[in-house]
Amino acid sequence: MGISSSSSSNPESRAMALAKAKEIVASAPVVVFSKSYCPFCVRVKKLFEQLGASFKAIEMDVESDGAELQDALKEWTGQRTVPNVFIKGKHIGGCDDTMALNTQGKLVPLLTEAGAIAGGSSKSTVTA
Ligand SMILES: N[C@@H](CCC(=O)N[C@@H](CS)C(=O)NCC(=O)O)C(=O)O
């Protein structure tokens with residue numbers, strides 16, 4: 001490797017990426033770490049839209065430090081795949097996990113409690 005190393009293997013960059021990921025998660029009621037071409041991400045974002053929930057999407061294939069963020073998320077949550085969903089700072093998981101919460105009727109209460117659905121939603125679940 002010589003004197004240079006990739007930014008994601010540099011401990012300082014890793015720590016910075018982890019701090020940034022945590023900052024992003026704290027900055028919005030719902031955060032979806034995503035990739036713009038990922039069909040599972042599209043499903044999750046569409047579900048939140050259908051539920052009328054506001055969310056922040058971070059497209060890691062577009063962000064210049066996306067690879068570092070993805071490494072940081074793996075370190076933090078144990079999950080490397082996208083989407084990687086957080087509600088009110090809590091790690092929810094991926095598309096399957098989010099869809100399962102919706103099917104169980106647990107997603108809307110979480111989104112409402114997080115303040116992502118203004119004034120609550122008349123829908124308790126949606127079929128996606
Ligand atoms: N079962 C997972 C599937 C997610 C998945 O396979 N995502 C792909 C992108 S479509 C992924 O993250 N691949 C690894 C990568 O992009 O680094 C879920 O429900 O979220």
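Atoms considered below: every heavy atom in the structure, side chains included; atoms not considered: hydrogens, waters and symmetry mates.
- Minimum interatomic distance between P83 and C38 (heavy atoms only, all atoms of both residues): CD-SG, 4.3 Å.
- I58 and F48 sit in two unconnected hydrophobic clusters of ILVMFWY residues. Membership requires side-chain heavy atoms under 4.5 Å apart, directly or through other members.
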Next on the checklist: Assess the residue pair E68 and R14 against the criterion (side-chain contact (heavy atoms from CB on, under 4.5 Å)); give the C-alpha distance rounded to whole Å, side-chain angles, the decisive distance to 0.1 Å, and a yes or no.
Outcome noted: CA-CA 7 Å; E68 287 82 2; R14 290 183 71 107; over 6 Å; no

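- There is no path of hydrophobic side-chain contacts, each under 4.5 Å, that joins L69 to V32.
- Atom OG in S27 sits 14.5 Å away from atom NZ in K22 (nearest 0.5 Å).
- Using a 4.5 Å heavy-atom cutoff, the side chains of V30 and F86 are not in contact.
- Surrounding CD of E12 are at most 12 heavy atoms belonging to other residues, nucleotides or ligands under 6.0 Å away.
- Interatomic distance, D71 CG to D65 CG, rounded to the nearest 0.5 Å: 11.0 Å.
- When all heavy atoms of V25 and G89 are compared, the closest pair comes out as CG1-CA, 3.6 Å.
- Taking hydrophobic clusters as Ile, Leu, Val, Met, Phe, Trp and Tyr residues chained together by side-chain heavy-atom distances below 4.5 Å, I92 does not share a cluster with V82.
- V42 is not connected to M99 by any chain of hydrophobic side-chain contacts under 4.5 Å among Ile, Leu, Val, Met, Phe, Trp and Tyr, and they are in different clusters.
- Within the model, atoms NZ of K106 and CG of L111 stand 14.0 Å from one another, a figure rounded to the nearest 0.5 Å.
- Under the 3.5 Å distance criterion, the side-chain polar atoms of E63 are left unmatched by any main-chain donor or acceptor of A67.
- To the nearest 0.5 Å, atoms CD (E75) and CZ (R80) are separated by 11.5 Å.
- Between W76 and H91, the closest side-chain pair of non-hydrogen atoms is not below 4.5 Å.
- Taking the charged nitrogens against the carboxylate oxygens, K88 and E113 do have a contact shorter than 4.0 Å, which makes a salt bridge.
- Of all heavy-atom pairs spanning A28 and K56, the tightest one is CB-CB, 3.9 Å.
- A side-chain contact (heavy atoms from CB on, under 4.5 Å) with L110 holds for exactly one of N102, L101, I117; it is L101.
- Panel note: side chain D61, backbone S36; a donor-acceptor pair is recorded below 3.5 Å.
- Separation of atoms CG (L107) and OG1 (T98) is listed at 7.0 Å; rounding is to 0.5 Å.
- One finds no salt bridge joining E59 and K35 here, because no Lys/Arg side-chain nitrogen approaches an Asp/Glu carboxylate oxygen to under 4.0 Å.
- Residues L73 and F55 fall into different hydrophobic clusters, defined by Ile, Leu, Val, Met, Phe, Trp and Tyr side chains chained together at heavy-atom separations under 4.5 Å.
- With hydrogens and angles disregarded, no donor-acceptor distance shorter than 3.5 Å links the side chain of Q70 to the backbone of M60.
- Considering SG of C41 and CZ of F33, their distance stands at 12.0 Å, rounded to 0.5 Å.
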